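Read through the structure below, which is laid out as structure tokens, and then see the notes.
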Amino acid sequence: MTSQPATLDRAAIAARIPHHGTMCLLDAVDAWDNESIRCRATSHREPVNPLRDPSGLPATAAIEYAAQAMAVHGALLAPAGEVPRAGYLASVRSVDITVAHLDGIAGELDVRAERLTGNDSQVLYRFTVCAAGTTLVSGRAAVILDAGAPGAGLSRSPT
């Protein structure tokens, strides 16, 4: 494990991922190790949550919460002094959703991601988003690392 802090607040999370302002959805990292990370979030209750639509915050937004936990995990695992590798969510599988919306959940969201396998170009995570001990959304996510880097096999479209 690298010499990173054991816990992080929202500002420290935002400093490690490309999501800023209201798009940084996580409030804290409570624990992490080489294989997993556990985060907390309350932004699901915010009226200014950028993922809300007119009906509220769809439960599918939990996938973005989990993806941000994975991004923080990757940044924490990066060797000291190196820029963390960019990751792109390539697919989600076996997603189980037990609620329609997240904005009606009164408590904090408990966002967990566990690295199942990976190599230099891709990582597979299992994730869960829970509240008050009840699983709201779970599944697996494949992340492609440095997809736009030379030799990675994928290219980014110019923006």
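Sequential numbering from 1 along the given sequence is applied to the chain's residues. Treat the numbers as computed from the prediction; the structure is a model and nothing was measured.
- H101 and S55 make their closest contact through NE2-OG, 3.1 Å (heavy atoms, listed as atom of the first residue, atom of the second, distance).
- Using a 4.5 Å heavy-atom threshold, the side chains of T134 and V99 count as separate.
- Other residues sharing a hydrophobic cluster with L124 under the 4.5 Å side-chain heavy-atom criterion for ILVMFWY residues are L116.
- Rounded to the nearest 0.5 angstrom, M70 CE and R112 CZ are separated by 14.0 Å.
- Residues L109 and L25 fail the side-chain proximity criterion, which asks for heavy atoms closer than 4.5 Å.
- Shown here for A71 and I17, the closest heavy-atom pair between the two residues is CB-CG2, 3.7 Å.
- Y125 contributes no side-chain N or O that, together with a main-chain N or O of A66, makes up a donor-acceptor pair within less than 3.5 Å.
- In plain terms, the two heavy atoms of V111 and A69 that are nearest each other are CG1-CB, 3.9 Å.
- A distance-only check finds no donor-acceptor pair linking the side chain of T128 to the backbone of T135 [under 3.5 Å].
- Contact of the N49 side chain with the L102 side chain is not registered, since no non-hydrogen atoms from C-beta on lie closer than 4.5 Å.
- Looking only at distances, no side-chain donor or acceptor of R52 sits under 3.5 Å from a matching main-chain atom of V48.
- Nearest heavy-atom pair across L26 and V72 is CD1-CG2, 4.4 Å.
- Listed by first then second residue, pairs satisfying ring-ring contact (aromatic ring centres under 6.0 Å, His included) with a partner in residues 103-122 number zero, not counting sequence neighbours.
- Under a 3.5 Å cut-off, the side chain of D103 and the backbone N or O of L57 do form a donor-acceptor pair.
- The side-chain heavy atoms of Y65 and C39, taken from C-beta on, include no pair separated by under 4.5 Å.
- Among all heavy-atom pairs drawn from H73 and D33, the shortest one is NE2-O, 2.8 Å.
- Applying the salt bridge (charged side-chain N to carboxylate O under 4.0 Å, His left out) test to every pair with at least one member in residues 17-31, sequence neighbours left out, gives these pairs: D30-R40.
- Between L76 atom CG and N34 atom CG the span is 10.5 Å, to the nearest 0.5 Å.
- With rounding to the nearest 0.5 angstrom, the CZ atom of R140 is 10.0 Å from the CZ atom of F127.
- One distance of note links CZ of R115 with CD of E35; it measures 8.0 Å at 0.5 Å rounding.
- A donor-acceptor pair is defined here as one N or O able to donate and one able to accept, closer than 3.5 Å; such a pair exists between the side chain of Q68 and the backbone of M23.
- Between L145 and S121 the shortest side-chain heavy-atom distance does not fall below 4.5 Å.
- Shown here for G56 and P58, the closest heavy-atom pair between the two residues is O-CD, 3.3 Å.
- With hydrogens and angles ignored, the 3.5 Å screen pairs no side-chain donor or acceptor of R93 with any backbone N or O of A142.
- Put simply, the side chain of H44 never gets that close to the backbone of E108: no donor and acceptor are under 3.5 Å apart.
- Checking side-chain atoms of R45 against main-chain N and O of A106 turns up a donor-acceptor pair under 3.5 Å.
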